[in-house]
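Beneath this line is the structure, given in structure tokens, with notes to follow.
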Amino acid sequence: MSQDEDGGLLRQTIYIKQMDSFSEKNTFAIRENMSADNQHESIMLGPSTSFCHKTREVVKEEEDDKVGEEKNESLSEEKVEQTQLRTLGQRIYDHRGIIVASFSTFLFAFQTNLVRFIENDIHMMEVSFYRFLCQLIMVTPFMLYKKIPLQPESRKVFFLHITRGIFGTLASNAFFYSILYIPIGDAAAIVMGQLVFVGIFARLFIKEAFGLLDASLVLLSIVGVVLISQPPFLFGGKDETNPNREFLGAMLALFASISFAAGNVVTSYLGKMKVDPSAILLYYALVGTVGTGLFNSVVGRWSTPPYGNTRWFIISIGVIHCLAQYFLTYSFSIENTVLVSIMMTNESIYSYILEFALFGVKPELTSLLGGGVLLTASVLASLKKIWISRRGAQNDLSSSDLHDSLDYTNLEQNNHVS
């Protein structure tokens, strides 16, 4: 091989090596640039992406916290409303016994004023019979429709039904007969003495409270009734009566007072036993219809009611009497017996209002004073009921809070032990 060829080969070899070294340097530079770019991107993008992720988590946590706070606030508001701010409907329901008793008393007063329209057409004992008969006719279909059992739950309940019916029938008939011998004012004043007997009987037989305040309200109610009725043996009268007849009438009124009290206590006892008021009315009407019918048959006091308004008045009196008895029986089943009896004394006030509206009879100043006394006794009795119910609610709330605190303490102790 010539020197020129050797030189050419040498130059080619050197050129190739230079090119290889240059390519390696470029490759290394490119790799370094790529790694630098990647690091730069990781530096630039990495914190930003992590910051974005952290921001989303924080925002989500804040949103969850806000939702939780809103839920807690709504729950606390609902709890406050349930414990402190009771609705008007709930308050009315809590005192429904007083309201129903007042409405029942108004119906009794309205019934008494309706009797005045027919007192010259038919005897009062016959009116009593038709009242019981209308009550029996109304209550029986109602019980069948509501599927209320006609048969008593036990012999004890049946015995109490019959006892209540006997006392109610005797009281009603004795009162009607007492006004044949003594003035209505005397009879009403004596019959209102049932408040004392109601308190005594309720304390002895059904263990209801009868404290000093109850006794004071009873005496106050009796004073109001006496002022309204103005009995002649206290206020004097123009007509002289036979002492024997007056004594007989007073004894009949006293017997009516005791019978009314006993019947009311038995009604309250049946109500506390969760006996339906309709069942109580059914047996009361049954005993009253049979008893009054037999009595009228024995004394021969039967007559056909005249046609026209008299018969409509008899039917109206029977319907109103049935409604009044139902509401009264219901109030006895959910309220204190003495409290309901005190509310019943307002019948005198309603009677004077209706008597003035229907017949134009103006009450005297003494009667108005008696009405004010009765209203005061009723208001005080109602305030006592409200105070007792509120105190009971507070005691329930405090006991529940104490129970929760004890549960929390026990939970903490258990966690500590564990």
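Numbers here simply count residues along the sequence, with the first being 1. What you see is a predicted model; the values in this text were computed from it and never measured.
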Atom of [X], atom of [Y] and distance for their closest heavy-atom approach:
X: F327; Y: S104; value: CB-CB, 3.8 Å
X: V265; Y: A202; value: CG2-N, 4.0 Å
X: L150; Y: L144; value: CD1-CD2, 4.0 Å
X: L160; Y: V266; value: O-CG1, 3.5 Å
X: S102; Y: M343; value: OG-CE, 3.2 Å
X: E335; Y: G97; value: CG-CA, 3.4 Å

Heavy-atom donor-acceptor pair, [X] side chain to [Y] backbone, under 3.5 Å:
X: K272; Y: F332; value: yes
X: S257; Y: Q194; value: yes
X: S221; Y: L217; value: yes
X: T376; Y: G372; value: yes
X: T292; Y: G288; value: yes
X: S331; Y: L328; value: yes

**Report entry** Candidate pair V338 and R203, rule side-chain contact (heavy atoms from CB on, under 4.5 Å), full reasoning
**Finding:** CA-CA 10 Å; V338 177; R203 179 61 180 171; over 6 Å; no

With side chains defined as the heavy atoms from C-beta onward, is the minimum distance between [X] and [Y] less than 4.5 Å?
X: Q325; Y: H321; value: yes
X: F158; Y: E153; value: no
X: N264; Y: V340; value: no
X: F117; Y: N309; value: no
X: L107; Y: Q111; value: no
X: F247; Y: M251; value: yes
X: V287; Y: F132; value: no

Over 12 foreign heavy atoms within 6.0 Å of [atom1], [X]:
X: F110; atom1: CZ; result: no
X: Y269; atom1: OH; result: no
X: W302; atom1: CH2; result: yes

- Task: Check the pair M273 / S333 against side-chain contact (heavy atoms from CB on, under 4.5 Å), numbers first and verdict last.
- Result: CA-CA 8 Å; M273 295 176 65; S333 65; over 6 Å; no

[atom1]/[X] to [atom2]/[Y] distance, rounded to the nearest 0.5 angstrom?
X: F175; Y: F260; atom1: CZ; atom2: CZ; result: 7.0 Å
X: M125; Y: N173; atom1: CE; atom2: CG; result: 3.5 Å
X: L227; Y: L369; atom1: CG; atom2: CG; result: 5.5 Å
X: Y130; Y: I137; atom1: OH; atom2: CD1; result: 11.0 Å
X: Q135; Y: L286; atom1: CD; atom2: CG; result: 10.5 Å
X: F313; Y: I320; atom1: CZ; atom2: CD1; result: 10.0 Å

Next on the checklist: The test is side-chain contact (heavy atoms from CB on, under 4.5 Å); show your working for C322 and V139 and say whether it passes.
Outcome noted: CA-CA 8 Å; C322 181; V139 173; 3.8 Å; yes

Tell me whether the centres of the aromatic rings in Y177 and F295 are closer together than 6.0 Å.
-> yes

Where do F201 and I258 land on the side-chain contact (heavy atoms from CB on, under 4.5 Å) test, with the steps shown first?
CA-CA 10 Å; F201 292 159; I258 298 173; 4.2 Å; yes

Exercise for the section: Kindly indicate, with the supporting measurements, whether the criterion salt bridge (charged side-chain N to carboxylate O under 4.0 Å, His left out) is fulfilled by E126 and R131. Expected result: CA-CA 9 Å; E126 293 183 71; R131 285 191 313 172; over 6 Å; no

